[in-house]
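All of these numbers come straight from a predicted model, not from anything done at the bench. Below, all heavy atoms of this structure are taken into account, side chains as well, without hydrogens, waters or symmetry copies. Note on naming: letters A, B, ... go to the chains in the order of the sequence lines (proteins, then strands), and numbering restarts at 1 for each one.
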Amino acid sequence: MTTSWADAVAENDDNNNNNNNNNNNQAPPARPTYIPPHLRKNPPILANPPVPAYTAPSLSGNRYSGGGGGGGGGGENFVINFAAYEDIPVETSGDNVPPPVNTFAEIDLGEALNLNIRRCKYVKPTPVQRHAIPISLGGRDLMACAQTGSGKTAAFCFPIISGILNGKYAQKPRDMRTAYPLALILSPTRELSCQIHEEAKKFSYQTGIRVVVAYGGTPVREQLAELQRGVDILVATPGRLNDLLERARVSLQMIRYLALDEADRMLDMGFEPQIRKIVEQMDMPPRGVRQTLLFSATFPKRDTVQRLASDFLANYIFLAVGRVGSSTDLIVQRVEFVQESDKRSHLMDLLHAQRDNGSHGKQALTLVFVETKKGADSLEYWLCSNGFPATTIHGDRSQQEREHALRSFKSGQTPILVATDVAARGLDIPHVAHVVNFDLPNDIDDYVHRIGRTGRAGNTGLATAFFNDNNSSISKALADLMQESNQEVPVWLQKHAAIRSYGGGGRNRRSGGGRFGGRDFRRDSGFNRGSGGADNSGNTTSPGGYGSGNNNPGAPSAWD
DNA sequence: AAAAAAT
């Protein structure tokens with residue numbers, strides 16, 4: 001796997017972190033004599049490391065670090081088609097929304113962070129970054145909707161890092177056993193936490209800020225050791241964090257920043273109690289005292305947003321970044337009517353055809369989504385025994401197996417990955433040529449997430465769905481979505497959808513029906529809208545927003 | 001109903 005410059009230094013850094021121990025050797029919460037992390041470490045801040053070739057700012061390309069998931073792999077850089085998102089619809093609402101910026105230079109993120117941004121070859125902020133960073137730097141709470149890969153991680157990491165570097169916080173309690181992070185980033189899957197951790201480490205390089213990750217499925221010992229060396233930013237999944245909190249190995253009383261990634265998913269049934277326990281029932285400072293940033297890849301349902309916002313946020317700003325209509329062309333979506341019993345042989349046909357079309361002897365990466373963990377295992381077995389090298393990732397596999405499967409897939413060693421929805425969100429897997437929805441999800445947002453694993457970063461992608469009568473709940477939403485993204489909708493699907501919609505059956509429409517607009521439910525406050533954020537003139541739109549053929553904001557995007 | 005997440 002490609003090892004980026006930042007990965008290499010990050011590893012070196014691990015051997016050096018005993019420099020940083022004074023993190024915890026400090027007196028109980030008092031006021032100001034806090035030593036910012038970048039001063040703890042006896043500078044020379046950023047003296048040695050070579051700044052790799054720095055591409056001059058360009059309007060057409062923004063280099064991206066692909067964020068190595070699964071413990072360091074995949075840090076491939078890829079280029080995002082920037083022109084495609086100059087015209088992305090953006091909505092903000094709330095009191096006194098700070099105006100967006102057009103360049104990183106306009107924001108004072110500090111020298112160290114600026115240098116790291118250049119090292120990561122981030123040339124120009126993405127739309128979500130242009131809006132979210134000034135809002136966060138302004139100390140405001142934020143609810144942001146933007147798809148993964150749109151630069152969300154940086155959008156919440158930059159202000160957190162900058163805030164910690166500039167902050168004058170009370171000293172951390174002196175405590176040998178307990179770690180006192182200043183920022184907490186929660187995410188719903190282990191692999192996603194890994195990915196965020198990797199990125200946050202790159203952004204924090206040589207700032208003295210310590211980023212530690214904690215997630216389950218792996219021995220707790222090493223994570224405890226890392227925590228004891230000191231932690232400023234803790235990235236975690238809820239289960240393991242709760243465990244650490246109960247053991248009093250982590251205290252949240254110093255938390256200044258709380259970020260929830262995939263916030264809508266985090267409040268799913270089953271997750272919510274864990275999150276609430278962490279946020280409301282431990283020792284975390286209340287909302288308004290800490291700064292809270294919620295990021296969601298899809299537009300959360302109305303009641304979810306309201307609950308989230310009213311419980312976790314204080315005087316927040318709502319930000320929604322639309323999807324790129326034009327990039328939809330990069331994903332060709334097909335739907336085929338396949339009976340349950342024919343699915344396997346049909347998949348086989350697809351894979352054969354793909355192999356015959358041959359991308360230069362190398363089989364293109366194919367990601368196959370199924371509904372159940374059991375189904376994933378049995379399909380993997382069947383594929384393997386039929387001569388198609390496949391592996392699988394789902395929640396019943398050990399963490400080791402999961403990470404191995406991901407690596408093996410990414411490297412092309414096993415070019416077919418059978419996955420449950422654990423892999424649908426957030427995970428950055430470059431070079432997926434084909435996404436097969438072997439089993440369609442019930443929720444159209446999950447479909448959008450899944451197909452978004454392909455067609456990334458300017459590559460074309462193919463998404464094939466197997467549809468049968470078990471999927472009628474999604475037919476209307478699927479047909480609408482395909483229509484919106486200029487795909488060919490089979491007549492049989494249109495008919496199916498028409499039956500569903502007759503008499504108000506279209507309940508499972510894209511969450512939030514009118515998609516853009518009307519999603520900040522504090523209708524009484526100001527409502528701004530800007531196209532690409534160039535102007536943030538405070539225009540008031542009627543709820544429903546982008547009705548007038550603007551640019552197809554409901555379509556899925558390739559750069560999700 | 002399924003998936004994810006602590007041991």
Side-chain angles (χ1 to χ4, degrees), chain A residues 69-70 148 184-197 212-224 227 234-250 252 260-279 281-282 296-298 300 304 340 367-380 392-403 405-406 417-427 437-450 453 468-474 507-508:
Chain A
T148 319
L184 175 63
I185 301 171
L186 291 172
S187 94
T189 68
R190 298 165 181 173
E191 285 78 8
L192 200 48
S193 283
C194 266
Q195 213 172 271
I196 296 168
H197 174 235
V212 176
V213 68
Y215 56 85
T218 181
V220 77
R221 233 189 42 235
E222 213 173 295
Q223 292 171 7
L224 283 175
L227 286 168
L234 177 60
V235 184
T237 50
R240 177 56 61 86
L241 177 61
N242 264 325
D243 185 25
L244 296 170
L245 289 169
E246 277 164 18
R247 302 186 197 199
R249 301 305 294 260
V250 170
L252 300 177
L260 298 199
D261 201 8
E262 308 286 351
D264 56 337
R265 175 53 50 103
M266 301 280 270
L267 282 215
D268 270 3
M269 227 177 34
F271 252 138
E272 179 168 348
Q274 298 183 59
I275 304 294
R276 286 197 180 273
K277 185 170 173 196
I278 292 167
V279 178
Q281 287 151 42
M282 304 306 287
S296 163
T298 43
T304 311
E340 217 57 49
L367 183 52
V368 184
F369 281 104
V370 296
E371 196 61 20
T372 66
K373 297 181 277 199
K374 224 177 101 188
D377 279 335
S378 89
L379 182 58
E380 178 217 12
T392 180
I393 183 168
H394 60 69
D396 274 355
R397 302 201 82 194
S398 76
Q399 191 56 25
Q400 232 183 1
E401 289 171 320
R402 283 165 60 159
E403 285 173 21
L406 209 48
L417 179 65
V418 183
T420 60
D421 266 329
V422 69
R425 285 174 180 244
L427 278 193
N437 274 292
F438 190 88
D439 302 317
L440 271 164
N442 293 314
D443 188 327
I444 192 68
D445 284 329
D446 290 330
Y447 173 84
V448 172
H449 275 116
R450 289 175 175 190
R453 301 304 103 200
N468 61 39
D469 290 328
N470 298 331
N471 307 116
S472 45
S473 71
I474 205 183
R507 201 188 64 92
N508 199 0

Counterpart residues, side chain to side chain donor-acceptor pair (under 3.5 Å), relative to [X] (two or more places apart):
{"X": "A:Asn471", "result": "none"}
{"X": "A:Ser378", "result": "A:Arg344"}
{"X": "A:Gln223", "result": "A:Arg240"}

A correct 5'-to-3' footprint of nucleotides 2-7 of chain B, with B, S and - meaning base, sugar-phosphate only and no protein heavy atom under 4.0 Å, is SSBBBS
Anything under 3.5 Å between a donor and an acceptor, one on a side chain of residues 369-376 of chain A, the other on a protein residue two or more places apart or in another chain? List them.
{"residue": "A:Thr372", "atom": "OG1", "partner": "A:Gly375", "partner atom": "N", "Å": "2.9"}
{"residue": "A:Lys373", "atom": "NZ", "partner": "A:Asp396", "partner atom": "OD1", "Å": "3.2"}

Applying ring pair (Phe, Tyr, Trp, His ring centres under 6.0 Å), can you list everything that pairs with A:Phe271, at least two apart in sequence or on another chain?
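Residues passing ring pair (Phe, Tyr, Trp, His ring centres under 6.0 Å) with A:Phe271: none at all.
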